[in-house]
There are 2 protein chains.
Amino acid sequence: MKNSLTAPPIVTVDAVLLTIAGNELCVALHKREAAPFAGHWALPGGFIHTQEDDSAKAAAARVLRDKVDVQSPYLEEFGSYSGPVRDPRGWSLTLVYYALVPVVSARITLFPVNRLPNLPFDHGQIVSAVVERVRSKASYSSLPVHLCPEEFTIAQLHAAYELVLGERINMANFRRKLADLDLLEPVSGLLRSAGRSRPSQVYVVRKKYRDRLSVRDRGL
Amino acid sequence: MKNSLTAPPIVTVDAVLLTIAGNELCVALHKREAAPFAGHWALPGGFIHTQEDDSAKAAAARVLRDKVDVQSPYLEEFGSYSGPVRDPRGWSLTLVYYALVPVVSARITLFPVNRLPNLPFDHGQIVSAVVERVRSKASYSSLPVHLCPEEFTIAQLHAAYELVLGERINMANFRRKLADLDLLEPVSGLLRSAGRSRPSQVYVVRKKYRDRLSVRDRGL
DNA sequence: TCAATAGTGTCTATAAGACAATATGGT
DNA sequence: ACCATATTGTCTTATAGACACTATTGA
């Protein structure tokens, strides 16, 4: 056992919380309280608490609850970042999770993903990679519904897709493909008026897709 | 710092090494030498050696080198498995990597993924999930080329795809889509005869795709 | 009734899948 | 010449994208 003396890595979880604010995709950052980089904006993260966390994912959910006040968001594992130099404390590994939520409490500080401050560790790189993954998944799945509130109109969802994908989507085709997804359930009798135009049907996500994605074979 | 006394998790990497043998997709297992489950077949894995490994991925590559004698395979991160009960030693987290190789040395023990023995920890579940991911990626990317040797014919690659996907693929359409991938480079002048039929062109993977996948928008 | 957005219908271009036809080296 | 497999061509059908049309409410 020649390596039994090797120091174990520092292991943390970090969360990339995404939401829409001011017509932009934004990420929630948290001002670090402890060293290293105390006082800097960074991804909310922390150590796994083996006494209370049932999994790494549960640890990420706890971090989001405690540090940015978010309850049970859509939460998925992204991947790991590791190595000897990314953390000044030594060899470290962080498991990155990403979360999507419709709204955040006013106390949370959001930054548009396209105009981030310099972030410590490799957090800037992590946010970019997560946004890229979210864009990619949006192109063939129901992922962006998690940026909409519980009840929403197709126009709202359409806007969320356009914002995430960064391009215009033809509404007629969007509706057709959305129907294929079998994702939405109309809230019977509930319409919503905006301005002086025809009101639109309000929908909710079908129960079976509350915690899973609905996926299409071919894009959008 | 109320949680400073929490024990840290046990952190390991495990590798799912896939290859084709006997016309089946197979996974390499390794007989565990140390407790727990000494003597049982399990995924090759181990601790990260912070003195020598530059990343978790490098640790997985080292494990494959040391335990199953495989050099520089196609290697990707799969995801993590964690929790208080999956390892009898306590709260543990393993980062799973998967690797694809064309051949393995005769000393390695392979098991068809459809007929595995009972595996310790959650390794059975991990193998299933990885195979599912590999199937899924095969359906829109060049992933299965890594199951072929350096030089190969289209018929060979076609067979690898059929084996991974578990279904017949029309050869004419396969060729057309393969051409779209811009993946292959013919080895000029090199043909290969098999039996008494027309010999086939031999190809290699273009340099740019040796370590990356080539991906198509729509399937296959 | 008009402005404005919701929602539907339809035409066209493109890619997928099936299948037939042709090519070629070994025997 | 002929067998077997490689490779190419083409026909049919499904889907994507563009765009025009109809529906419905509030002002």
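All figures in this text were calculated on a predicted structure; none of them were measured in a lab.
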Report task. Only counting residues at least two apart or in another chain, list the ones meeting side-chain contact (heavy atoms from CB on, under 4.5 Å) with B:L165. Result ->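 B:A138, B:S139, B:Y161, B:E167, B:I169, B:L220.
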Query raised in the report: Taking only residues two or more places apart in sequence or in another chain, which ones pass side-chain contact (heavy atoms from CB on, under 4.5 Å) with A:N173?
Result: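 Per chain and number, A:N173 pairs via side-chain contact (heavy atoms from CB on, under 4.5 Å) with A:N170, A:R176.
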Output side-chain donor-acceptor pairs under 3.5 Å for residues 202-209 of chain A, partner residues at least two apart or in another chain, one line each.
| from | atom 1 | to | atom 2 | distance (Å) |
| --- | --- | --- | --- | --- |
| A:R206 | NE | A:D182 | O | 3.1 |
| A:R206 | NE | A:D182 | OD1 | 3.1 |
| A:R206 | NH2 | A:L184 | O | 3.2 |

Query raised in the report: Which ones in residues 171-181 of chain A lie close to DNA chain D, meaning a heavy atom under 4.0 Å from one of its atoms?
Result: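 A:A172, A:N173, A:R176, A:K177, in order of number.
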Query raised in the report: Which parts of residues 136-147 of chain A get close to DNA chain D, meaning a heavy atom less than 4.0 angstrom away?
Result: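 Heavy-atom contacts with DNA chain D come from no residue of residues 136-147 of chain A; none.
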Polar atoms only, N or O, under 3.5 Å: list the protein pairs with nucleotides 23-27 of chain C and their distances.
| from | atom 1 | to | atom 2 | distance (Å) |
| --- | --- | --- | --- | --- |
| C:dA23 | N3 | B:R198 | NH1 | 3.0 |
| C:dT24 | O4' | B:R198 | NE | 3.4 |
| C:dG25 | N2 | B:R196 | O | 2.2 |

**Report entry** B:R107, CZ atom: more than 12 neighbouring heavy atoms under 6.0 Å
**Finding:**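 For B:R107, atom CZ is not crowded (no more than 12 foreign heavy atoms under 6.0 Å).
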Query raised in the report: Is B:D211 atom CG crowded by more than 12 heavy atoms from other residues, nucleotides or ligands, each under 6.0 Å away?
Result: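 Not buried by this count: 12 neighbours or fewer within 6.0 Å.
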Query raised in the report: Quick one: ring pair (Phe, Tyr, Trp, His ring centres under 6.0 Å) pairs with a partner in residues 110-147 of chain B, sequence neighbours left out?
Result: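 Sorted pair list: B:F37-B:F121, B:W41-B:F111, B:Y74-B:H146, B:F121-B:H123.
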Query raised in the report: For DNA chain D, which nucleotides open and close the run of contacts to chain B, 5' to 3', at under 4.0 angstrom from a non-hydrogen atom?
Result: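 Contact span on the strand: D:dC3 to D:dT10.
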Indicate the atoms forming the closest heavy-atom contact of [X] with [Y], along with that distance.
X: A:P73; Y: A:L100; value: CB-O, 4.0 Å
X: B:L18; Y: B:L147; value: O-CD2, 3.8 Å
X: A:P44; Y: A:V63; value: C-CG1, 3.7 Å

Query raised in the report: Which part of the nucleic acid does B:R216 contact within heavy-atom distance under 4.0 Å: base, sugar-phosphate only, or nothing?
Result: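 Sugar-phosphate contact only - B:R216 comes under 4.0 Å of backbone atoms but never of a base.
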Query raised in the report: With sequence neighbours excluded, what pairs up with A:R32 under the salt bridge (Lys or Arg N to Asp or Glu O under 4.0 Å) test?
Result: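 With neighbours one apart ignored, the set is empty.
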**Report entry** Nucleic acid contacts - residues 152-165 of chain A versus DNA chain C, non-hydrogen atoms under 4.0 Å
**Finding:**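 Those residues are A:A155.
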Query raised in the report: If you pin A:R218 and A:Q201 to their nearest nucleotides in DNA chain C, which one's is more 5'?
Result: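 It is A:Q201 whose nearest nucleotide is closer to the 5' end.
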Query raised in the report: Is A:K137 salt-bridged to A:E76, going by a charged N under 4.0 Å from an acidic O?
Result: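 Between A:E76 and A:K137 there is no salt bridge, as every charged N stays at least 4.0 Å from the carboxylate O atoms.
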Query - Partner residues of A:Y81 under the ring pair (Phe, Tyr, Trp, His ring centres under 6.0 Å) criterion, sequence neighbours left out - result: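 If we apply the ring pair (Phe, Tyr, Trp, His ring centres under 6.0 Å) test to A:Y81, skipping adjacent residues, there are no hits.
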Query raised in the report: Have B:S82 and A:S55 got a donor and an acceptor in their side chains that come within less than 3.5 Å?
Result: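 Note: B:S82 and A:S55 side chains miss the donor-acceptor criterion.
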**Report entry** Distance-only side-chain donor-acceptor flag, A:S80 / B:E77, under 3.5 Å
**Finding:**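 Result is yes, a qualifying pair exists.
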Query raised in the report: side-chain hydrogen bond (donor to acceptor under 3.5 Å, both in side chains) with B:R192: which residues, sequence neighbours excluded?
Result: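 So B:R192 forms a side-chain hydrogen bond (donor to acceptor under 3.5 Å, both in side chains) with B:Q156.
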